[in-house]
J.: 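Have a look at this one before I ask anything.
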Amino acid sequence: MSSADSSQAVFPKEFIWGAATSSYQIEGAWNEDGKGESIWDRFCHTPGRIANGDTGDVACDHYHRWREDVALMRELGLRAYRFSISWPRLLPEGRGRVNQPGLDFYNRLVDALLDAGITPFATLYHWDLPQALQDKGGWPARATAEAFAEYADLASRSLGDRVKHWMPLNEPWVSAFIGYLEGRHAPGHTSLDEALAAAHHLLLGHGWAVPVIRHNAPSAQVGIALNLTTVVPASPSQADAEAARVRDGLINRWFLDPLAGRGYPQDMVRHFGRPMPFVQSGDLEAIAAPLNFLGVNYYARTIARSDAVPESENDPPTVLPNAERTAVGWEVCPEELYELLMRLHRDYAFRALLITENGAAYDDQVGPDGRVDDPRRISYLKRHLQAAARALAEGVPLRGYFVWSLLDNFEWALGYGPRFGIIYVDYATQRRIPKSSAYWYRRVMESNRVVD
Ligand code: IFM
């Protein structure tokens, strides 16, 4: 669908329009009011880990500025807000002793959101594991999954009377494989065996959390947010097709299959070729706890290229030499969001899908008039929403969309360089300036259609 067809990209009036953030990326106050240390605090305080030596110590100072941020959300007409809860703010040692000021913070935030008519969507784990649990083995240890279920109990008992939408995990692939195999994220380890055990215990903790949340908040809708992508072979060669199968297995199927009750994909079990003693009797049943929705975090397609085939021998290559890219180098491919949604519905048929993250980083600047004009982000969002509307029109049960992100924020190993927000943050003063994309998004939300 081209931009000329924008008017056809319509959404139902009950469509959930929102924006998303996460605790470590925006809150700051890393050691205030009794909060415990997280693995991201430790990682950022280790020299050489993060671009520019940046840390989340202050971030967007949302812990102190949440009132102003909720007021901005209301002004922009958000219907929903997806945030994450900091586990070490509630449980400084990961389990046991509760930090009441931490709970108070989320109680106030939730109340303010509801007062503003904004539906809270809570994520329990967006990567900030209590360091105390990492010191006992982190996600490769089964006890961390048990601790997670306890934390889910505390959070849902405290907030479940008001929060009716929950996601135990955000992007467990990133936690497991970037944190424990690639080492680019906290805790910075590089072991495949650890990564596989971590992935399993993340999923197990999720599976145990689902009935706990439902018990504490009986009418709750519970889902999970996965980073999902289409995988395209770099060329028509057999070797690249094989590389694509493996990449799809690693990023998509390793999580989707067990959640859908199919266990781990056997081709990938063979590919890893590692014993998996951590999978115990009953685990796969727990992981397959039925979900109300699957959260889809989509940014770009993935190109799979086999090392076995020199690119020069790949004729014709699938990869476009002059692809449109965002400031972090990710290819802009909105039509692949349509493909992804169709594939998810066809292959897995979850009850409902929500796009829980979609957005782009650009090098936004404050203009001489004090405004931040970001036409490239508007264009990115517009084309992705058109793709989403097309999937919806073709029968995909897509119920909502959350732009990543509400605010410019701490982009993990890349620090504060990339700006993903629809609201600009001047980190020196903490001044917030809604970008032109925020005003454009307001018109989309008001009209339930992709406007020009
Ligand atoms: O900033 C991240 C977010 O924490 C998880 N999903 C992808 C975003 C952009 O990289």
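Order of listing sets the numbers, starting from 1, for every ligand and every atom in it.
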J.: When you compare ligand 1 with W412, is there at least one nitrogen or oxygen pair between them that comes in under 3.5 angstrom?
T.: yes
J.: Suppose we screen for side-chain hydrogen bond (donor to acceptor under 3.5 Å, both in side chains). Which residues come up paired with T21, at least two apart in sequence or across chains?
T.: Y81
J.: Hey, what's the ring geometry for W40 with Y24, parallel, tilted or perpendicular (30° and 60° as the breaks)?
T.: tilted
J.: Using the ring of each side chain (for Trp, its six-membered ring), is Y380 parallel, tilted or perpendicular to H384, with breaks at 30° and 60°?
T.: parallel
J.: Considering all heavy atoms of both residues, which atom of I213 and which atom of P168 are nearest to each other, and what is their separation?
T.: CD1-CG, 3.9 Å
J.: Specify the protein heavy atom at minimum distance from atom 8 (C) of ligand 1: its residue, its atom name, and the distance to 0.1 Å.
T.: Y299 OH, 3.4 Å
J.: I'd like to check which ligand 1 atoms, numbered from 1 as shown, lie under 4.0 Å from a non-hydrogen atom of H126.
T.: 3 (C), 4 (O), 5 (C)
J.: Under 4.0 Å from a heavy atom of E171: which atoms of ligand 1 are those, numbered in the order shown and with their elements?
T.: 5 (C), 6 (N), 7 (C)
J.: What part of W330, side chain from CB on, backbone N/CA/C/O, both or neither, has a heavy atom under 4.0 Å from ligand 1?
T.: side chain
J.: Parallel, tilted or perpendicular: which one describes the rings of Y63 and F105, with boundaries at 30° and 60°?
T.: tilted
J.: N/O of Q25 under 3.5 Å from N/O of ligand 1, yes or no?
T.: yes
J.: Under 30°, 30 to 60°, or over 60°: which ring-plane class applies to F121 and H165, parallel, tilted or perpendicular?
T.: parallel
J.: If you count the atoms of ligand 1 from 1 in the order shown, which ones are under 4.0 Å from a heavy atom of E411?
T.: 1 (O), 2 (C), 9 (C), 10 (O)
J.: Taking distance alone, with no angle check, do E357 and ligand 1 share an N/O pair under 3.5 Å?
T.: yes
